[in-house]
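Notes to accompany the following structure.
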Amino acid sequence: MTKGNITVQTENIFPIIKKFLYSDHEIFLRELISNAIDATSKLEAIAGSGEIEGDLGDLTIHINVDKAAGTITISDRGIGMTEAEVKKYLNQLALSSAEEFVKKYQGKTNIIGHFGLGFYSAFMVADKVEVITRTYKKTPKAVRWVCDGNPEYEMEDYDRKERGTDIILHISDDSKEFLEHDRIEGLLKKYCSFLPFPIQMGMKTDIRWEGEGEDRKKIEEQVPNIINDTHPLWKKKPGKLTDKDYIDFYKQLYPMSPDPMFWIHLNIDYPFNLTGVMYFPKIGNQFDQQKNKIHLYSNQVYVTDEVKEIVPEFLTLLHGVIDSPDIPLNVSRSYLQSDASVKKITGYLTKKVAERLSRLFKDDREGFEKKWDDIGVFVKYGIITDEKFAEKALEFALLKNTEGKYFTVQEYKDKIKANQTDKYDRMVALYTPSPELHTSYIKQATDMGYDVLHLYHIIDNHFIQQLEYKGENLTFVRVDSDTPDHLIQKEEIKESVLSEKEQEKVKELFAALPGVNASQLILRPMSPEGHPVMITRPEFMRRMQEMQALQGMEGMDKMDGHYQVIINANHPLIADKLLNMRSPEKKEKFAAYLLRLAKLNQGMLKGEEMNSFINDSIEFLS
């Protein structure tokens, strides 16, 4: 057996960093400013331990873009580095000072860095990098370090009086976009809006007005252009915040969105550290438009809004901020890595959301019902996709009937048990997605003493299947899926007023009509007060079509052959008028008219059929 050490060709390492370390080159700014923040945090920690005397002074981090010189400079007044530290941390790739510092000053500071690679992101956009640094320690000199993207570097003494570090990037020709002021300011707002120390990018003009009437005058003043809010709302104590504070912060995150309905302030330090605010937006039926609006931060540094590895699928409909240094990130801090702590965090978030909704339901049911149209999709989606959430949510998930009354699932089962239990001892919940479209069907059902639910959310098809699957002894049937007397199967049998021969004649008349398949026809003895002909869609086939539509497949609006023509054998227009007509032409025309009337009731009558129906109606009235 032979053993040895793998050799790394150092001259090849910088091209690899430039091409593969980060998926997006703009990340360099986040990484370098994170280093500056760490240097400043370390300084405060050391000062807190009594190792530095006197005032620390202004700790603002400055960003300067010099387009003419082709440089970007990031300046901090943190701990700086000695010559030995420059050699140790800049000349050795992937050696981070964070780990040993955190061990020494445990519990006294939050350090962003971890892998020791962030500094080298500078070479993604710069063909030369200068570092000018002076340590907080009492040493006689500062240090200047220069590297042009090769393993070779230069280091020399430098005349710098102030503590801290300047990183000067000489931007390469293929990255000149980063010399635009607006581009850099936009990136600072994206990644650094909530970092814990002030970040300044030059000056800006502040305008205010003084005086009244003719004496009113405009005052312009140059003030520091501070990019960030160093004390974001999620880091504050909830007891000291007002509703206005939460709404103002939401507007800061989502300027074009309507106000949220309510929110959850997250704050936990064991068994993991996590803070944040989760907002419940007005979702309505805008299912996909609301997803991926949660911002993930690590120690107040923006990481991503792709949070599906840490946030359960249904919670991606919420908005807000999650901040945790314990979320396992990969080396580029661009992607989450799955581990046991992620599972704990997802479980915690699910629990907190369920508790908040349950408390709102119990404390203010009327208010909860008013919000249901906007949060119903969220709750139902959670029940469908998350078993843990479903266990709690079934206690406050609501069903709304066509009279506008709300019920929990158990309340509704209690309501319909006596009158809507079929011969198989299953409770049958009737529903409609559109009371306006199904007015006549609803009327016939309610005339029989049945209650009808209004299920109008985009995912209700999946939701009712989930309730059926969970063994609630409850099945859902759409109000237009069968005739009123067959929506809930009972033992009662109605007798037909027609003989078998007459029934065959009626079937033949309708089967001969254009576009009618004999297999679609059902002759059924029903109430004489009902409709003469009805179009119904079998529940199973309709659900399949709607699920296909939700998945972007065809079939939602196409009735195709998936409907039935139910002829009421006991209706006077069938039993008396149609069969007693002498002219075959009149019989055919009348049967066709009754069929089109049924189609009209289902919204199926269009084009030439609609035109023909109108003309026949005028003729009948003449």
Side-chain angles (χ1 to χ4, degrees), residues 22-24 26-27 30-31 34 110 112 114 187 189-195 232-235 246 249-250 252-255 257 260-269 271-283 286-357 375 377-379 381-389 459:
Y22 297 91
S23 56
D24 197 335
E26 69 181 35
I27 295 296
R30 181 191 73 182
E31 295 300 299
S34 295
N110 287 322
I112 299 166
H114 179 69
L187 292 177
K189 289 178 178 177
K190 177 179 179 180
Y191 292 108
C192 309
S193 284
F194 302 109
L195 285 175
L233 177 134
W234 75 83
K235 290 291 186 181
Y246 284 103
F249 183 66
Y250 183 81
Q252 184 180 351
L253 295 174
Y254 314 102
S257 297
M261 293 180 292
F262 47 94
W263 46 85
I264 304 171
H265 198 130
L266 307 169
N267 192 350
I268 184 172
D269 54 20
F272 49 84
N273 189 294
L274 183 144
T275 56
V277 181
M278 303 279 275
Y279 289 94
F280 288 75
K282 293 180 179 179
I283 297 171
Q286 296 177 337
F287 189 67
D288 289 329
Q289 294 178 27
Q290 298 297 337
K291 282 189 171 185
N292 299 324
K293 299 281 184 75
I294 295 175
H295 300 166
L296 177 64
Y297 287 76
S298 180
N299 280 329
Q300 296 175 237
V301 181
Y302 174 79
V303 176
T304 183
D305 58 9
E306 291 287 338
V307 294
K308 57 182 180 292
E309 286 89 353
I310 184 173
V311 174
E313 174 69 16
F314 76 102
L315 291 186
T316 59
L317 291 172
L318 299 185
H319 297 174
V321 168
I322 295 173
D323 187 348
S324 175
D326 295 334
I327 294 172
L329 302 174
N330 70 348
V331 69
S332 67
R333 280 190 288 188
S334 301
Y335 305 102
L336 298 172
Q337 296 176 347
S338 180
D339 73 351
S341 63
V342 167
K343 291 181 181 178
K344 290 178 182 177
I345 291 172
T346 58
Y348 168 76
L349 293 174
T350 299
K351 179 174 176 286
K352 293 298 290 184
V353 169
E355 287 174 352
R356 178 72 174 93
L357 289 168
I375 64 171
V377 164
F378 168 77
V379 175
Y381 191 34
I383 291 172
I384 293 167
T385 60
D386 194 288
E387 189 67 32
K388 289 289 185 184
F389 179 77
I459 59 170

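Numbers here are sequence positions counted from 1. All values derive from a computational prediction rather than experimental measurement.
- In this structure, CD1 on Ile375 lies 12.0 Å from NZ on Lys282, to the nearest 0.5 angstrom.
- Here the straight-line distance linking atom CG of Asp323 with atom OG1 of Thr275 works out to 4.5 Å at 0.5 Å rounding.
- Under the 30°/60° scheme for interplanar angles, the aromatic rings of Tyr246 and Tyr279 are found to stand perpendicular.
- You'll find the side chain of Arg356 stays beyond 4.5 Å of the side chain of Trp263, heavy atoms only.
- A distance of 9.0 Å separates OH in Tyr297 from CG in Leu195, rounded to the nearest 0.5 Å.
- Between atom CG of residue Leu253 and atom CD1 of residue Ile294 there is a gap of 11.5 Å, rounded to the nearest 0.5 Å.
- A donor-acceptor contact under 3.5 angstrom links the side chains of Tyr250 and His319, judged on distance only.
- Between Phe314 and Phe378, the ring planes are tilted. Angles from 30° to 60° get that label.
- Between Tyr348 and Phe272, the ring planes lie perpendicular to each other; the angle is over 60°, past the 30° to 60° tilted range.
- Not counting sequence neighbours, Gln252 has no partner by the side-chain hydrogen bond (donor to acceptor under 3.5 Å, both in side chains) test.
- By the neighbour-count criterion of 12 heavy atoms within 6.0 Å, atom NZ of Lys351 is sparsely surrounded, having that number or fewer from other residues, nucleotides or ligands.
- With sequence neighbours excluded, the residues forming a side-chain contact (heavy atoms from CB on, under 4.5 Å) with Ser193 are Lys189, listed by chain and number.
- At least one side-chain heavy atom of Leu318 sits less than 4.5 Å from a side-chain heavy atom of Pro281.
- Two residues are said to be in side-chain contact when any heavy atoms from C-beta on lie closer than 4.5 Å; Ile264 and Phe280 meet this criterion.
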